[in-house]
Amino acid sequence: MPELPEVEVVRRGLQPAVFGATVRAVEVRDGRALKRHAGDALDFVDRIEGAVLGEPQRRGKFLWIPFDADFALMAHLGMSGQLLVRPVGSLDERQLRVRMRIERGGGALELRFSDQRLFGSLAVDRLLPSDDGELLPSQVGHIARDPLDPAFDVDAVVQRLRASGRNIKALILDQQLVSGVGNIYADEALWRARLYWGRPGRSISVAKLRELLGHVELVFQDALAEGGTSFDALYVNVNGESGYFSRSLHVYGRQGEPCDRCGTAIVREKFMNRSSYFCPRCQRGR
DNA sequence: TAAGTCTCCTGGCAGC
DNA sequence: TGCTGCCAGGAGACTT
């Protein structure tokens, strides 16, 4: 599932193909892939056709490509969304939702949005200045900076985590506190920090919270180096290739398997209608 | 206001 | 073989 490392892999893959390219034609095959777009499919096509694409940007799991001065093509991959760069005329993906023909320097390519579960979306969104003057799509304005952002303020985030009685996993999944973290990397960072997911934020020391955020950053960097996490065909890079970080996971999806640190069987618990994996010996506090 | 729950959606899979 | 129901989860809406 696309979390920050997977989205960053996609952003880097898009850069050489789309930067400076002109959108010549757009085909919306499924309007449900435009849930975040304020208008209908015709409006989307009207706004994006003829646009000259800028440099792909990212905050957390949101990705956007600015065009003109005030607008951007924004994408959120949800659980199964894929942004693919394909040669013109290549075989369609089974869940192809939107196709854009782009041209640059006399060459043509297709930028495709494919999404099996339709939790992802494309949109044309207006760019607005944030509090610190950065231009962000209007739908990204409330998203916090992520740990790979040079301006990420560890102390400010720790302060907010310490002020809450919510469990620490819910807190680091809250994109308004720290962005980019999803279920997989939350479990992995908590395992590395030896923290049980259910502990209230206010019960954890400042030093431990700083350590946890450090582990979030490290697990992101490690996953990025391996091209992200792919369990199946749900996440691939812009060329349709899988990442390899799933081989390096310590707890996520490993119920019943021995902990890599102490050998105790990994446990799975229900958490907010989803799963939380942890080592009951290394991560105490239930 | 904070915290928890529900909804959207599809394909894979287990159980019958 | 075919049907049913469960599971996965990001983000926003909704409820408590």
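Only heavy atoms go into these numbers, but all of them, side chains included; no hydrogens, no water, no symmetry mates. Just so we're on the same page: letters track the sequence lines, and every chain starts at 1.
When all heavy atoms are compared, the tightest approach of P87(A) to L109(A) is CA-CD2, 4.2 Å. Closest of all the heavy-atom pairs between A186(A) and L173(A) is CB-CD2, 4.0 Å. Between G81(A) and P2(A) the shortest heavy-atom distance is O-CG, 4.2 Å.
Atom OG in S114(A) sits 10.5 Å away from atom CG in L77(A) (nearest 0.5 Å).
Inspection of the E269(A) and S275(A) side chains reveals no N or O donor paired with an N or O acceptor under 3.5 Å. In the model, Y185(A) has a side-chain atom that pairs as donor or acceptor with a side-chain atom of E6(A) under 3.5 Å. S179(A) and R58(A) are not linked by any side-chain donor-acceptor pair at a separation below 3.5 angstrom, with hydrogens and angles left out of the test.
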Show every donor-acceptor pair shorter than 3.5 Å between a side-chain atom in residues 14-24 of chain A and any protein atom, with sequence neighbours excluded, or say none if there are none.
unit_1	atom_1	unit_2	atom_2	d
Q15(A)	NE2	E55(A)	OE2	3.2
R24(A)	NE	E103(A)	OE1	3.3

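Within the structure, ring-ring contact (aromatic ring centres under 6.0 Å, His included) pairs that include any residue of residues 65-100 of chain A comprise F62(A)-H76(A) (at least two apart or interchain).
Nearest-nucleotide positions on DNA chain C for R268(A) and V181(A) put R268(A) closer to the 5' end.
For the side chain to side chain contact (heavy atoms under 4.5 Å, CB included) test with V124(A), the passing option among D46(A), D43(A), I48(A), V45(A) is I48(A); the others fail.
Cation-pi geometry between R59(A) and W64(A) is not met: the NZ or CZ atom fails to fall both under 6.0 Å from the ring centre and inside 45° of the normal.
Here K61(A) lies in heavy-atom contact (under 4.0 Å) with sugar-phosphate atoms only.
The outermost nucleotides of DNA chain C lying under 4.0 Å from heavy atoms of chain A, listed 5' to 3', are dC7(C) to dG12(C).
In this structure, R101(A) places its CZ atom where only 12 or fewer heavy-atom neighbours from other residues, nucleotides or ligands lie under 6.0 Å away.
Panel note: side chain E134(A), backbone S130(A); no donor-acceptor pair is recorded below 3.5 Å.
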Quick one: what's the B/S/- string for nucleotides 10-15 of chain B, heavy-atom cutoff under 4.0 Å, read 5' to 3'? BS----
Where protein sits on nucleotides 2-7 of chain B, one letter per nucleotide: B base, S sugar-phosphate only, - none, heavy atoms under 4.0 Å: -SSB--
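Overall bending of the helix from dA2(B)-dT16(C) to dC16(B)-dG2(C), expressed as the angle between end axes built from five pairs apiece, is 60° (10° steps).
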